[in-house]
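Take a look at the structure below.
What you see below is based on every heavy atom in this structure, not just the backbone, and it leaves out hydrogens, waters and symmetry mates. Bear in mind the structure is a predicted one, so any value in this text is a computation, not a measurement.
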Amino acid sequence: MVGALKVAVIAGEVSGDLLGADLVAALRKARPGPVELVGVGGEALQAEGLQSLFDFSELSIMGLTQVLKRLPQLLRRISQTADAVIAARPDVLVIVDSPDFTHRVARRVRAALPDLPIIDYVCPSVWAWKEYRARAMVPYVDHVLAVLPFEPAAMQRLGGPPTTFIGHRLTSEPALLKVREVRRARGQKQPGDARTLLLLPGSRAAEIRQLLPIFGQAAAELAGRVGPVRTLLPTVPRQEALVREIAATLPVSVEVTVSPEEKWEAFAEADAALAASGTVLLELALSGVPAVSAYKADWLITLMSKRIKIWSAALPNLIADYPVIPEYLNEVVRPGSLSRWLERLAGDTLQRRAMLEGFDLTWQRLQTQVPPGEAAAGIVLELMERKKPGR
């Protein structure tokens, strides 16, 4: 009988939680015997059997000022997590995104358990800024699982750990695939038809407070330009109260939903979307929802902007390698600009067709022969075998 596989997994964001759960599920299919989990995660990993060491929403912090404000608590959580992993003596450690937290844990674990295989799922954005981080990872990360196709070459150029592009979980997400089918089958809106607008101001409280009032004003201006607009706002349960509080002050009526099913229904119905910069832009692109991106960065990040090497913050733009989604940042996030873009994207225009063409290219470049979870599980098991004592 095959013994249990003990996996330490640490995820600090909802997206990382989903990736970690997908990997664990694939590991269960790839080998006989039980899989035991230790670490930090959210609902998806807990559904796979993880008893999280603490509520991982504590790690959902935006901006350097918030990090500094909560630094003592974060340092305690880093120590707590590293100590728990070391005490559990797992067969492998998988850190998923959230590098400010997960990498500090990994360094401590590597110092105590030097032979433990450590895998980083989601390549840190070393290609965007702080390029030295790639080489700094080599002592404590054995392999990087990249979800973007250009990352292995970037890591090799910067002297980082071995990196493999395994594809993106979203390309095999059943709900997203269903949205693609629905949107392909629907007819084109005609002039005078009511438009459906999707507002996605982020999943962090600070993002929502900064962006949602502006998004609401943009929706109102859009309605003034094109006529009736139905406004949908899917959010996460932990931010529902805040979103409803702000939504009640907006100049438009907003339909707030919190379930994943309602989110994907909104994606299927939307004519256009206004979204905070982040993974959601890739969700929109792969779903085929034309979008405008907006973001208000932390003031310290703004001061450090000269160190940022990347030409765009929108993942579809980086994958397609040209500007597909328009982006607005900080002072230029204005309702007038956003509403005019939304007007062009919500109807049958050249701008909408060009964006959808870019989305098709993004989809093509993310395709892999093996689903991401299975590819990730294969690399994890191979690395564990290679690092067995005596090999």
For Phe267, check ring-ring contact (aromatic ring centres under 6.0 Å, His included) against everything at least two apart and list the hits.
Trp264
Flag the pair Pro234 / Glu262 as yes when at least one side-chain heavy-atom distance between them is below 4.5 Å, and no otherwise.
no
Taking all non-hydrogen atoms of both residues, which atom of Ala223 and which atom of Val229 are closest, and how far apart?
CA-CG2, 3.7 Å
Under the 3.5 angstrom rule, does the side chain of Asp17 hit a backbone N or O of Ala11 as a donor-acceptor pair?
no
Hydrophobic clusters here meaning ILVMFWY residues chained together by side-chain heavy-atom distances under 4.5 Å, can you tell me if Val179 and Val182 are in one?
no
Student check: side-chain heavy atoms of Val96 and Thr102 closer than 4.5 Å:
no
Can you give me the closest heavy-atom contact between Ala84 and Val38, atom names plus distance?
O-CG2, 4.5 Å
Minimal heavy-atom distance between Arg186 and Ala268, with the atoms involved, is NH1-O, 3.0 Å
Check the hydrophobic clustering (I, L, V, M, F, W, Y; side-chain heavy atoms under 4.5 Å; chains of links allowed) and say if Phe359 and Leu350 are grouped together.
no
Would you say the side-chain atoms of Gln46 and Ser52 include a donor-acceptor pair closer than 3.5 Å?
no
CZ of Arg353: more than 12 outside heavy atoms within 6.0 angstrom?
yes
Sequence neighbours excluded, which residues qualify as ring-ring contact (aromatic ring centres under 6.0 Å, His included) partners of His143?
none
I'd like to know if Arg110 pairs up with Asp142 as an ion pair, taking the criterion as any Lys NZ or Arg NE/NH1/NH2 lying under 4.0 Å from an Asp or Glu carboxylate oxygen.
yes
Donor-acceptor under 3.5 Å (Arg352 side chain, Asp271 main chain)
yes
Verify, without hydrogens or angle tests, whether Arg104 (side chain) and Asp100 (backbone) share a donor-acceptor contact under 3.5 angstrom.
yes
Would you say the side chain of Glu221 lies within less than 4.5 Å of the side chain of Arg340, judging by non-hydrogen atoms?
yes
Quick one: pull up CG in Leu93 and CD1 in Ile119 and give me the separation to the nearest 0.5 Å.
9.0 Å
Where is the tightest heavy-atom contact between Pro372 and Ser172, given as atom of each residue plus distance?
CD-OG, 3.9 Å
Apply the test side chain to side chain contact (heavy atoms under 4.5 Å, CB included) to residues Leu383 and Val92: give CA-CA distance (whole Å), side-chain angles for both, the deciding distance (0.1 Å), then the verdict.
CA-CA 9 Å; Leu383 180 61; Val92 64; 5.7 Å; no
Below 4.5 Å, heavy atoms only, C-beta onward: do Leu5 and Met384 meet side chain to side chain?
yes
Under the 3.5 angstrom rule, does the side chain of Thr368 hit a backbone N or O of Val370 as a donor-acceptor pair?
yes
Would you say Glu240 has more than 12 foreign heavy atoms packed within less than 6.0 Å of its CD?
yes
Pair Glu327, Asn317 - check side chain to side chain contact (heavy atoms under 4.5 Å, CB included), show working.
CA-CA 10 Å; Glu327 301 173 274; Asn317 294 354; 3.4 Å; yes
Please assess Glu13 against Arg204 for the test salt bridge (charged side-chain N to carboxylate O under 4.0 Å, His left out), listing each intermediate value before the final yes or no.
CA-CA 10 Å; Glu13 296 273 0; Arg204 299 181 177 98; 2.6 Å; yes
Check whether Arg169 reaches the backbone of Leu19 with its side chain - one donor and one acceptor, N or O, closer than 3.5 Å.
no
Within a reach of under 6.0 Å around CD of Glu255, are more than 12 heavy atoms found that belong to other residues, nucleotides or ligands?
yes
Closest approach of Ala106 and Ile118, non-hydrogen atoms and distance?
O-CD1, 3.9 Å
Point-to-point distance, once rounded to the nearest 0.5 Å, from CD1 of Ile214 to CZ of Arg334
10.5 Å
What's the spacing between Arg386 CZ and Ile379 CD1 if we round to 0.5 Å?
9.5 Å
With a 3.5 Å distance limit and no angle check, can you tell me whether Arg195 reaches the backbone of Ala346 through a side-chain donor-acceptor pair?
yes
Begin with the C-alpha distance, continue with both residues' side-chain angles, and end with the deciding distance and a verdict on side chain to side chain contact (heavy atoms under 4.5 Å, CB included) for Met137 and Val144.
CA-CA 10 Å; Met137 291 167 59; Val144 177; 3.7 Å; yes
Validation row: Ile166, Glu374 side chains within 4.5 angstrom (heavy atoms):
no
Please table the atom pairs, donor to acceptor, closer than 3.5 Å between any side-chain atom in residues 280-293 and protein atoms at least two apart or in another chain.
{"unit_1": "Glu283", "atom_1": "OE1", "unit_2": "Lys263", "atom_2": "NZ", "d": "2.9"}
{"unit_1": "Glu283", "atom_1": "OE2", "unit_2": "Lys263", "atom_2": "NZ", "d": "3.1"}
{"unit_1": "Ser287", "atom_1": "OG", "unit_2": "Glu283", "atom_2": "O", "d": "2.8"}

Around Gln51, counting heavy atoms of other residues, nucleotides and ligands shown, do more than 12 lie under 6.0 Å from its CD?
no
Is the shortest heavy-atom distance from the side chain of Phe56 to the side chain of Val14 under 4.5 Å?
yes
Rounded to the nearest 0.5 Å, how far does CD1 of Ile10 lie from OG1 of Thr81?
6.0 Å
Is the backbone N or O of Ser203 less than 3.5 Å from a side-chain atom of Gln239, with the two atoms forming a donor-acceptor pair by type?
yes
Given Leu148 and Leu318, is the side chain to side chain contact (heavy atoms under 4.5 Å, CB included) satisfied, shown in steps?
CA-CA 9 Å; Leu148 301 175; Leu318 297 175; 5.7 Å; no
Would you check if the side chain of Thr362 reaches a backbone N or O of Gly358 as a donor-acceptor pair within less than 3.5 Å?
yes
Within 6.0 Å of CD in Gln156, more than 12 heavy atoms from elsewhere
no
Under 4.5 Å between side-chain heavy atoms, hopping through other hydrophobics if needed: is there a path connecting Leu177 to Val147?
yes
Which heavy atom in Thr231 sits nearest to a heavy atom in Leu199, and how many Å separate them?
CG2-CD1, 3.5 Å
Can Tyr328 be reached from Ile310 by stepping across I, L, V, M, F, W or Y side chains whose heavy atoms are under 4.5 Å apart?
yes
Not counting sequence neighbours, which residues clear ring-ring contact (aromatic ring centres under 6.0 Å, His included) with Phe165? List them please.
none
Sequence neighbours excluded, which residues qualify as ring-ring contact (aromatic ring centres under 6.0 Å, His included) partners of Trp363?
none
Looking at Leu75, is its backbone amide N or carbonyl O close enough to the side chain of Ser79 to form a donor-acceptor pair, meaning the two atoms are under 3.5 Å apart?
yes
Find the distance between CD1 (Ile246) and CZ (Phe215) and round it off to the nearest 0.5 Å.
11.5 Å
Co-membership, hydrophobic cluster, residues Ile86 and Ile78, 4.5 Å side-chain
yes
Taking the side chain as everything from C-beta on, heavy atoms only, tell me whether Val243 gets closer than 4.5 Å to Leu233.
yes
Indicate yes or no: at least one non-hydrogen side-chain atom of Arg133 is less than 4.5 angstrom from one of His103.
no
Nearest-0.5 Å distance that lies between atom CE in Met355 and atom CG in Leu345:
4.5 Å
What residue pairs, at least two apart or across chains, pass salt bridge (charged side-chain N to carboxylate O under 4.0 Å, His left out) with a residue in residues 71-98?
Glu58-Arg77
Do you see a donor-acceptor pair shorter than 3.5 Å between the side chains of Tyr295 and Glu207?
yes
